[in-house]
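Have a look at the structure below before the remarks.
In each ligand, atom 1 is the first atom listed, and ligand 1 is the first ligand listed. Along the sequence shown, residues are numbered consecutively beginning with 1. A quick note: this is a predicted structure, and the numbers were derived from the prediction, not measured.
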Amino acid sequence: MGRGTPATNEAVRQRIRGAGLRCTAARVAVMHHLETASGPLTHAEVAEALHDFGFDRATIYRNLIELTEAKLAARVELGDHVWRFEAKRAGGGHKGDDHPHFVCTACGEVSCLDDVQVAITPRPGKSRSRTGPSPGKTIAAVTEVLLKGRCERCE
Ligand SMILES: [Zn+2]
Ligand SMILES: [Zn+2]
């Protein structure tokens, strides 16, 4: 794993500086860890992974929040009332930020589906007449798309 190579860390530092934050060791480590993860991570997972670097849980949490407020990271809630954090894609604002997530119901691993787009379309044949109360809920905005199933390893 190319963890902590100077080149990657320099790119991470530039993003942090670009957002107007100082490059503390903990902040760089947290951001780098999020950027190299394959999916969103909980505070506990990040704290555990960076434990060997000597950062305590409170420091990790504060940095996750700061990175989120600086829009370098995003918080994802997948229905289990646990916040997960992930790095916003470099470049920012492109459609990769609105990607669906996949949860493996066997091992619980969450991954980002960067190359997948989920579209919600009305079922064919359903009339869009406005007479009478609609049995379903009308969606105002979809903020998170979550797919569940089994990952390759658990198949
Ligand atoms: Zn799995
Ligand atoms: Zn994601």
Side-chain angles (χ1 to χ4, degrees), residues 1-53 55-122 137-155:
M1 301 248 291
R3 163 186 296 274
T5 59
T8 1
N9 269 340
E10 191 43 48
V12 170
R13 282 168 195 279
Q14 276 176 17
R15 288 196 70 192
I16 293 174
R17 262 189 243 114
L21 294 175
R22 279 196 309 128
C23 289
T24 63
R27 201 169 282 147
V28 172
V30 169
M31 191 63 202
H32 183 254
H33 189 66
L34 290 183
E35 284 203 341
T36 50
S38 63
L41 301 169
T42 62
H43 166 224
E45 287 167 334
V46 178
E48 172 134 341
L50 299 182
H51 181 258
D52 290 347
F53 293 90
F55 306 123
D56 61 55
R57 292 173 60 91
T59 304
I60 300 286
Y61 188 72
R62 184 160 36 80
N63 278 285
L64 284 169
I65 297 298
E66 282 167 359
L67 290 169
T68 304
E69 283 171 354
K71 307 240 186 306
L72 291 173
R75 280 200 300 195
V76 188
E77 210 277 309
L78 300 174
D80 54 4
H81 304 287
V82 177
W83 283 111
R84 287 177 177 78
F85 298 84
E86 64 178 6
K88 289 239 189 186
R89 304 298 184 255
H94 67 93
K95 63 183 162 69
D97 273 348
D98 279 329
H99 52 271
H101 289 105
F102 176 85
V103 180
C104 173
T105 52
C107 68
E109 193 173 300
V110 183
S111 36
C112 299
L113 301 176
D114 288 303
D115 304 324
V116 173
Q117 197 181 15
V118 177
I120 297 173
T121 45
K137 233 181 200 146
T138 307
I139 299 169
V142 175
T143 55
E144 186 66 52
V145 174
L146 178 64
L147 303 172
K148 290 185 180 182
R150 272 191 302 281
C151 74
E152 247 174 353
R153 273 175 297 146
C154 300
E155 243 283 284

Report task. Please name all residues satisfying salt bridge (charged side-chain N to carboxylate O under 4.0 Å, His left out) with D80, sequence neighbours left out, ordered by chain then number. Result -> R84
Query - Where the Zn ion (ligand 2) is the vertex, angle from H99 NE2 to E86 OE1 to 10° - result: 120°
Under 3.5 Å, side-chain donor or acceptor atoms of residues 44-52 against the rest of the protein: list the pairs with distances, not counting sequence neighbours.
| residue | atom | partner | partner atom | Å |
| --- | --- | --- | --- | --- |
| E45 | OE1 | T42 | N | 2.8 |
| E45 | OE1 | T42 | OG1 | 3.4 |

Query raised in the report: Does T68 offer a backbone N or O that forms a donor-acceptor pair with the side chain of R75 under 3.5 Å?
Result: no
Report task. Check whether any side-chain heavy atom of C104 sits under 4.5 Å from a side-chain heavy atom of F102, and report yes or no. Result -> yes
Query raised in the report: Can you pull the side chain to side chain donor-acceptor pair (under 3.5 Å) pairs that have at least one residue in residues 100-112, sequence neighbours excluded?
Result: E86-H101, H99-H101, H101-E144, E109-R153
Query - Beyond-backbone contact of T24 with N63, side-chain heavy atoms, under 4.5 angstrom - result: yes
Report summary line: Listing protein N, O or S under 2.8 Å around the Zn ion (ligand 1) gives C104 SG, C107 SG, C151 SG, C154 SG
